[in-house]
> 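For reference, the structure I am asking about is given below.
The basis for the numbers below is simple: all heavy atoms, side chains too, and nothing from hydrogens, waters or symmetry mates. As the structure is a computational prediction, the values presented were derived from the model and not from experiment.
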Amino acid sequence: MFVAPAMLPSLIYLRTAATATLEAASILRELASRPADPTSVRERVRLLEHAGDELTHRLLNDLDSAALTAHERANLYRVANTLAAALDHMRTAAVLADIHTLTRLPPETRALIDTVVDCARLAATALTDIAEPRRFIASTGELDRLANRAPTLPAEPSDPAVNEVHDQLSETVRALCAVGRSATVVAADARAGERTESP
């Protein structure tokens, strides 16, 4: 599928940010294994979140001068913003795990970390495959399914600190699912560009 040339730089930024998001999720997975070093996890996720913020800032600067419609700019910004939100929630989860020195997470939270990693992988794949409709639709569809099956904690929580971490991981899943929905609109913009620029 054709992608409008004016969109390509923004898509490269988004793919890079999605890769940072996946890397942060993979680092968070260390919290599900024992022994984990929450301080190391916190610092490495913080660096990736900072890099993601820088990418978002550069993308916004480039969008101001890109030959795109206001609608296309807004949709690209929405994807960048939801990726940044996912990284922010992951950083907060890592900070909380470190502050509370969590060395043991319940099975539901360990399973939720796996869901975060899977959602981050699918979001990165969707943004890489945005010009390939079949693969893109498969990735975003699976992202929705995973988000709807995200593990929850039992109704009677035993540890408020674990609840805080779990809540941030749940917010991460929601943000990554929103990346998929926003990317679907960007893909539609790319298809509209194909119709507009085709001879």
Side-chain angles (χ1 to χ4, degrees), residues 1-30 32 45 48-49 51-53 55-56 58-60 62-63 66 68 71-91 93 109-152 168-195:
M1 181 180 85
F2 173 88
V3 173
M7 278 187 136
L8 288 175
S10 300
L11 291 175
I12 291 168
Y13 279 129
L14 292 175
R15 290 169 186 161
T16 305
T19 300
T21 304
L22 176 56
E23 189 175 343
S26 299
I27 291 168
L28 271 182
R29 183 176 259 161
E30 293 175 24
V45 171
L48 286 165
E49 192 257 345
D53 284 346
L55 283 166
T56 301
R58 285 165 47 196
L59 170 63
L60 295 180
D62 283 4
L63 282 176
L68 296 168
H71 175 77
E72 290 166 336
R73 282 189 187 98
N75 291 331
L76 288 163
Y77 172 76
R78 193 171 296 112
V79 176
N81 192 45
T82 50
L83 279 168
L87 271 169
D88 191 49
H89 289 301
M90 283 190 269
R91 179 187 53 80
T109 303
R110 293 197 303 270
L112 184 54
I113 290 174
D114 288 339
T115 301
V116 166
V117 173
D118 290 341
C119 287
R121 177 183 48 78
L122 287 164
T125 301
L127 289 170
T128 300
D129 290 341
I130 205 162
E132 301 292 335
R134 284 190 183 131
R135 292 198 306 243
F136 174 79
I137 290 167
S139 295
T140 54
E142 182 60 20
L143 190 50
D144 275 338
R145 283 188 289 279
L146 271 175
N148 289 331
R149 295 194 316 260
T152 57
Q168 289 300 316
L169 295 170
S170 295
E171 289 300 322
T172 303
V173 170
R174 281 191 271 282
L176 290 168
C177 190
V179 168
R181 289 191 300 271
S182 298
T184 300
V185 179
V186 170
D189 288 344
R191 286 193 294 275
E194 177 181 16
R195 291 191 294 275

> So which atom in Leu60 and which in Tyr77 form the shortest heavy-atom distance, rounded to 0.1 Å?
CD2-CD1, 2.8 Å
> For Asn81 and Thr56, run side-chain contact (heavy atoms from CB on, under 4.5 Å): C-alpha distance rounded to whole Å, both residues' side-chain angles, the deciding distance at 0.1 Å, then the answer.
CA-CA 7 Å; Asn81 192 45; Thr56 301; 6.0 Å; no
> Side chains of Leu127 and Leu83, heavy atoms from C-beta outward: is any pair under 4.5 Å?
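Yes, at least one pair of side-chain atoms sits under 4.5 Å.
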> Among Met90, Glu23, Arg91, which residue meets the side-chain contact (heavy atoms from CB on, under 4.5 Å) test with Leu48?
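Exactly one pass, corresponding to Glu23.
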> Heavy-atom distance under 4.5 Å between the side chains of Thr140 and Leu122, does that happen here?
no
> Rounded to the nearest 0.5 Å, how far does CG of Leu59 lie from CD1 of Ile12?
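Interatomic distance, Ile12 CD1 to Leu59 CG, rounded to 0.5 Å: 11.5 Å.
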> After noting the C-alpha distance and the side-chain angles of Ser170 and Leu112, does the key distance pass the side-chain contact (heavy atoms from CB on, under 4.5 Å) rule?
CA-CA 7 Å; Ser170 295; Leu112 184 54; 3.5 Å; yes
> Using every non-hydrogen atom in the two residues, find where Cys119 and Leu176 come nearest and quote the distance to one decimal.
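Shortest heavy-atom separation between Cys119 and Leu176 comes out as CB-CD1, 3.8 Å.
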> What heavy-atom pair brings Thr21 and Ala86 nearest, and what distance separates the two atoms?
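Smallest heavy-atom distance, with atoms named: CG2-CB, 4.3 Å.
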> Can a donor-acceptor pair be found, under 3.5 Å and without considering hydrogens, that links the side chain of Ser182 to the backbone of Val179?
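The answer is no, because no donor-acceptor pair under 3.5 Å joins these two groups.
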> Hey, could you give me the CG/OG1 distance between Leu14 and Thr128, rounded to the nearest 0.5 Å?
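Rounded to the nearest 0.5 Å, the CG-OG1 separation comes out at 10.5 Å.
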> For residues Cys177 and Asp144, report the shortest heavy-atom separation together with the two atoms involved.
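Cys177 and Asp144 have their closest heavy atoms at SG-OD1, 3.0 Å.
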> Is there a side-chain contact (heavy atoms from CB on, under 4.5 Å) between Leu169 and His89 once you walk through the steps?
CA-CA 7 Å; Leu169 295 170; His89 289 301; over 6 Å; no
> Return the minimal non-hydrogen interatomic distance between Thr82 and Ala178, and the atom names on each side.
CG2-CB, 3.9 Å
> Going through the distances and angles, do Leu143 and Ser139 end up as a side-chain contact (heavy atoms from CB on, under 4.5 Å)?
CA-CA 6 Å; Leu143 190 50; Ser139 295; over 6 Å; no
> Where is the tightest heavy-atom contact between Ala32 and Arg110, given as atom of each residue plus distance?
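The pair with the smallest heavy-atom distance is O-CD, 3.1 Å.
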